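What follows is a single structure, written as structure tokens, with notes after it.
All values derive from a computational prediction rather than experimental measurement.
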Amino acid sequence: MSSEPAPDAPDHRASGPDFLTAFNTARFAEAEAMLRPCLDIPRWCNEIAAARPFATAGELLSFAELAAPDFTEAEVDGALAHHPRIGERPAGSGVEGAFSRSEQASVSGLSGVRDRLGAGNRAYEDRFGRVFLIRAAGRSAEEILASLQDRLQHTVEEELPVIAAQLRDIAILRLDGLLHP
């Protein structure tokens with residue numbers, strides 16, 4: 001079976017102005033699917049797809065920043081299922097895997113820091129029962145490690161909104177990357 005889109009279907013691999021046009025003209029389910037690599041929270045994808053068309057990339061990004069406020073714990077857990085541990089090489093060849101590899105570039109090749117991140121990841125998972133998530137793009141490995149250590153001091157109630165904010169930050173960065181490659 002071919003991985004090429006049907007001739008009349010929008011190309012989900014489009015980026016830049018082509019992404020905005022394809023997103024605006026896609027069928028509803030296809031538009032949601034185009035957003036899923038950015039953030040796999042159905043309510044977020046649904047709200048943005050339902051608000052189309054967007055006149056500009058900036059308008060889409062502004063709307064996406066506010067869509068589906070207050071992610072639930074179930075939504076956070078569902079979205080985290082797709083995120084690799086920080087400091088580990090993301091698997092998969094799809095769009096989401098490519099995003100993760102690019103975002104985690106700052107921690108590759110730093111074995112000493114990576115070892116400390118691995119230990120921190122395990123401590124975080126033991127404490128909170130979920131993978132440690134942080135917007136890695138634009139942060140050094142040392143900054144990520146410091147944030148991990150700080151967040152280990154949170155209560156479960158304090159940490160959930162932090163994770164939700166990180167998911168949203170990552171989603172907006174990914175969407176911006178599709179709109180402005």
Side-chain angles (χ1 to χ4, degrees), residues 32-51 58 60-92 94-179:
E32 286 182 311
M34 293 171 78
L35 295 171
R36 207 161 288 120
C38 299
L39 178 59
D40 194 3
I41 292 182
R43 183 169 56 100
W44 184 81
C45 297
N46 181 285
E47 284 185 21
I48 298 168
L60 170 54
L61 288 167
S62 292
F63 188 88
E65 286 178 6
L66 302 174
D70 302 323
F71 297 147
T72 67
E73 187 170 359
E75 288 172 329
V76 166
D77 288 339
L80 286 177
H82 304 286
H83 284 272
R85 286 180 183 90
I86 194 79
E88 292 183 4
R89 181 154 177 82
V95 174
E96 197 164 356
F99 277 137
S100 291
R101 281 187 289 282
S102 173
E103 293 158 359
Q104 289 202 35
S106 66
V107 296
S108 64
L110 302 172
S111 61
V113 172
R114 198 172 359 177
D115 292 344
R116 293 186 353 237
L117 282 171
N121 281 333
R122 288 186 295 280
Y124 185 94
E125 289 175 26
D126 288 347
R127 177 156 174 71
F128 297 109
R130 53 177 59 102
V131 68
F132 171 70
L133 181 82
I134 189 167
R135 177 193 46 80
R139 289 188 167 121
S140 70
E142 292 79 10
E143 289 171 315
I144 292 168
L145 185 58
S147 182
L148 171 56
Q149 295 304 319
D150 287 345
R151 287 172 55 189
L152 279 168
Q153 306 310 309
H154 288 175
T155 65
V156 172
E157 294 77 23
E158 292 169 331
E159 185 61 9
L160 189 61
V162 174
I163 300 167
Q166 292 299 307
L167 279 167
R168 189 173 300 277
D169 285 353
I170 292 166
I172 299 308
L173 279 172
R174 289 177 173 188
L175 184 55
D176 187 54
L178 291 171
L179 292 162

Donor-acceptor under 3.5 Å (Arg36 side chain, Cys45 main chain): no
Partners of Gln153 by side chain to side chain contact (heavy atoms under 4.5 Å, CB included), sequence neighbours excluded? none
Looking only at heavy atoms, what is the nearest atom pair of Leu167 and His83, with distance? CD2-NE2, 3.7 Å
Nearest 0.5 Å, please: how far is CG in Leu175 from CZ in Phe63? 12.0 Å
Would you please name every residue forming a ring pair (Phe, Tyr, Trp, His ring centres under 6.0 Å) with Phe71, sequence neighbours left out? none
Quick check: does any side chain N or O of Ser147 sit under 3.5 Å from a backbone N or O of Glu143, one acting as donor and the other as acceptor? no
So how far is it from Asp77 CG to Ile163 CD1, rounded to the nearest 0.5 Å? 7.5 Å
If you draw a 6.0 Å radius around CG in Asp150, do more than 12 non-hydrogen atoms from other residues or ligands fall strictly inside? yes
Can you tell me if Arg43 uses its side chain to pair, donor with acceptor, with the backbone of Ala67 under 3.5 Å? no
Going from CG on Leu66 to CH2 on Trp44, what distance comes out if it is rounded to the nearest 0.5 angstrom? 11.5 Å
Is there side-chain contact between Leu133 and Val76, with heavy atoms separated by less than 4.5 Å? no
Determine yes or no for a side-chain-to-main-chain donor-acceptor pair under 3.5 angstrom, with Asn121 supplying the side chain and Ile86 the backbone. yes
Test Glu159 against every option in Arg130, Arg127, Arg151 by the side chain to side chain donor-acceptor pair (under 3.5 Å) rule and name the one that passes. Arg151
About how many Å separate CD of Gln149 and CD1 of Ile144, when rounded to the nearest 0.5 Å? 13.0 Å
Ile41 backbone acceptor or donor facing Glu75 side chain under 3.5 Å: no
For Leu39 and Arg168: C-alpha separation, side-chain torsions, deciding distance, then whether side chain to side chain contact (heavy atoms under 4.5 Å, CB included) applies. CA-CA 8 Å; Leu39 178 59; Arg168 189 173 300 277; 5.6 Å; no
Of all heavy-atom pairs linking Ala49 and Leu35, the shortest is N-CD1, 4.2 Å
For Glu125, what residues pass the side-chain hydrogen bond (donor to acceptor under 3.5 Å, both in side chains) criterion, not counting sequence neighbours? Arg85
